[in-house]
Number of protein chains: 2
Amino acid sequence: MLNSGLTPAKSLSIEVAERICAERGARFTPLRRTALEVLLEFNGPVSAYDFLPALAQRLGRRLAPPTAYRALGFLLEQGFICRIETRNAFTLATHLEDRNAGVFFLCDHCGATVEVDADGITELLAGRAAALGFEVGRRIVELQGICADCRYTTAAVEGQSQVVRGRRA
Amino acid sequence: MLNSGLTPAKSLSIEVAERICAERGARFTPLRRTALEVLLEFNGPVSAYDFLPALAQRLGRRLAPPTAYRALGFLLEQGFICRIETRNAFTLATHLEDRNAGVFFLCDHCGATVEVDADGITELLAGRAAALGFEVGRRIVELQGICADCRYTTAAVEGQSQVVRGRRA
DNA sequence: TTTATTATGTGATAACATAACAAAATCCTA
DNA sequence: TAGGATTTTGTTATGTTATCACATAATAAA
Ligand SMILES: [Zn+2]
Ligand SMILES: [Zn+2]
Ligand SMILES: [Zn+2]
Ligand SMILES: [Zn+2]
């Protein structure tokens, strides 16, 4: 399983998020806290529209899309989660220290997603940017392909990770 | 202007596309040919829904979204165009030889987009993939930020490139 | 020619995301 | 602590992106 053993180095928790927000003067409201709780429970990427009912259920009330997107937006701003562009999905960040530092490996077959540190790549891209006079904000690096499990296994194994709706191959 | 002077090394044309398709046994139908013509005329990235009426007009008939997406899908398969994930847009590929080899620099301010060769980055990512046993298919590398022009100019300069609808800062 | 395959037309719908404005909560300062 | 400014959340509606499903047409293969 591509995800196994690769839990975040500095694991994000509600407590950690609370401390970080306090340090930054960011308001970790009940909605935002609950949103992070929901994401912590998802074992992998989740689409905004799968996240929405999960958040609503946990809060015990109906929610409309903007509320979900705002909560996700806050968590993105704080660097607690990352957006996977090629899946329209959101997942816990594995790197609280350096935002946009990750490289995503995304299995087209089983949907497994793993984020690894972008050492070296960051520097290389910074060099290219400098040559162009380009000031880099957000970096997106996503690699689609077939994960080790799917390469070495005859049949697709299910349940390897939460898979975004409709994206399972 | 970030784009200036950076026309594709091996410039794509209808003739080149025709030859490539013939070599591959791919059917370069009138619709697909016209789709490529339309994209050649766009000076930069275009959304599917901006592309759709342009294609329809050139064909002189109404088209529905699936037709546009199918044509774009074909051009993507052949490596004639690239999809810019963070803009939901399509643009001519600058690298006919090596698919998914590019790195996109995307200006958040003026919308300029430039694709450069991914030398070094490709190898670095391949190394990471190998370490994970991951077989890489498509690579996405997109850097968002501020282009040289926008950094060194007081006011935003317009008309630097075709900008995807609603994405101009 | 017959049959299979591939490509396109068409209407509907799914999936993803934000605009706009109102109401509530929080913060700030006098 | 009151009052006003700011931020957050609620709510309705709508905008944007992408695909399904099935019919028809064009092409390729037998
Ligand atoms: Zn990340
Ligand atoms: Zn897999
Ligand atoms: Zn490209
Ligand atoms: Zn710019």
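Here is how names work: the chains are called A, B, and so on, in the same order as the sequence lines, proteins then strands, and each is numbered from 1. Hydrogens, waters and symmetry mates are skipped; everything else that's a heavy atom, side chains included, is used.
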Just the rounded figure in Å: distance from [atom2] of [N] to [atom1] of [X].
| X | N | atom1 | atom2 | answer |
| --- | --- | --- | --- | --- |
| B:L31 | C:dT6 | CG | C1' | 13 Å |
| B:E85 | D:dT16 | CD | C1' | 16 Å |
| A:L52 | D:dT9 | CG | P | 15 Å |
| B:R87 | D:dA18 | CZ | P | 14 Å |
| B:D50 | D:dA18 | CG | C1' | 15 Å |
| A:R33 | D:dT8 | CZ | P | 15 Å |
| A:R32 | D:dG10 | CZ | P | 11 Å |
| B:L63 | D:dA18 | CG | P | 17 Å |

Could you identify which residues cluster with B:I140, counting Ile, Leu, Val, Met, Phe, Trp and Tyr as linked when any side-chain heavy atoms lie under 4.5 Å apart, either directly or through a chain of such contacts?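 Besides B:I140, the hydrophobic cluster comprises A:I140, listed by chain and residue number.
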
Checking [X] now: which residues fulfil side chain to side chain donor-acceptor pair (under 3.5 Å) with it, not counting sequence neighbours?
| X | result |
| --- | --- |
| B:E18 | B:R33 |
| B:E37 | B:R58 |
| B:R83 | B:E85, B:N88 |
| B:R27 | none |

Heteroatom pairs (N/O) under 3.5 angstrom, protein to nucleotides 28-30 of chain D:
none

Can you check whether [X] has a side-chain N or O nearer than 4.0 Å to OP1 or OP2 of [N]?
| X | N | result |
| --- | --- | --- |
| A:R83 | C:dA17 | yes |
| B:T67 | C:dG9 | yes |
| A:N88 | C:dA17 | yes |

Of residues 69-80 of chain A, the positions that come close to DNA chain C - non-hydrogen atoms, cut-off under 4.0 Å: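 By residue number: A:Y69, A:R70.
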
For the atom pair CZ (A:F134) and CZ (B:R151), what is the distance rounded to the nearest 0.5 Å?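 Interatomic distance, A:F134 CZ to B:R151 CZ, rounded to 0.5 Å: 9.5 Å.
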
Partner set under side chain to side chain contact (heavy atoms under 4.5 Å, CB included) for B:L55, not counting sequence neighbours: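 With neighbours one apart ignored, the set is B:L31, B:T34, B:A35, B:V38, B:F51, B:L59, B:L63.
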
Would you say B:T91 and B:I81 make side-chain contact, with heavy atoms under 4.5 Å?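 A side-chain contact under 4.5 Å is absent here.
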
So do the side chains of A:F104 and A:T86 get within less than 4.5 Å of each other, counting heavy atoms only?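 Side chain of A:F104 against side chain of A:T86, heavy atoms only: no contact under 4.5 Å found.
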
Between B:P65 and A:R62, name the one whose nearest nucleotide on DNA chain D is closer to the 5' end.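 Closer to the 5' end of DNA chain D: A:R62.
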
Could you check A:R61 against B:A64 and say which one's nearest nucleotide on DNA chain D is further toward the 5' end?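 Of the two residues, A:R61 wins.
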
What residue pairs, at least two apart or across chains, pass side chain to side chain donor-acceptor pair (under 3.5 Å) with a residue in residues 63-80 of chain B?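 Listed by first then second residue: B:R24-B:Q78.
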
Could you list all the side chain to side chain donor-acceptor pair (under 3.5 Å) pairs where at least one residue sits in residues 116-132 of chain B, not counting sequence neighbours?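 Applying side chain to side chain donor-acceptor pair (under 3.5 Å) to every pair that reaches into residues 116-132 of chain B, excluding sequence neighbours, yields nothing.
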
Just how large is the angle between the end axes of the helix from C:dT1-D:dA30 to C:dA30-D:dT1, five pairs per end, to 10 degrees?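 Between the axes fitted at each end of the helix from C:dT1-D:dA30 to C:dA30-D:dT1 lies an angle of 40°.
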
Would you classify B:T29 as touching base, sugar-phosphate or nothing, given that sugar-phosphate means primed atoms plus P, OP1 and OP2, and contacts are heavy atoms under 4.0 Å?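 B:T29: backbone/sugar contact only, no base atoms under 4.0 Å.
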
Less than 3.5 Å between a donor and an acceptor, one on the side chain of A:Y49 and one on the base of C:dA14, is that the case here?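 It does not, because no donor-acceptor pair links the side chain of A:Y49 to the base of C:dA14 below 3.5 Å.
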
Mind checking what makes salt bridge (charged side-chain N to carboxylate O under 4.0 Å, His left out) contact with A:E15, not counting sequence neighbours?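 None.
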
Could you check which of D:dA18, D:dT12, D:dT9 has an atom nearest any side-chain atom of A:P66?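 Output: D:dT12.
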
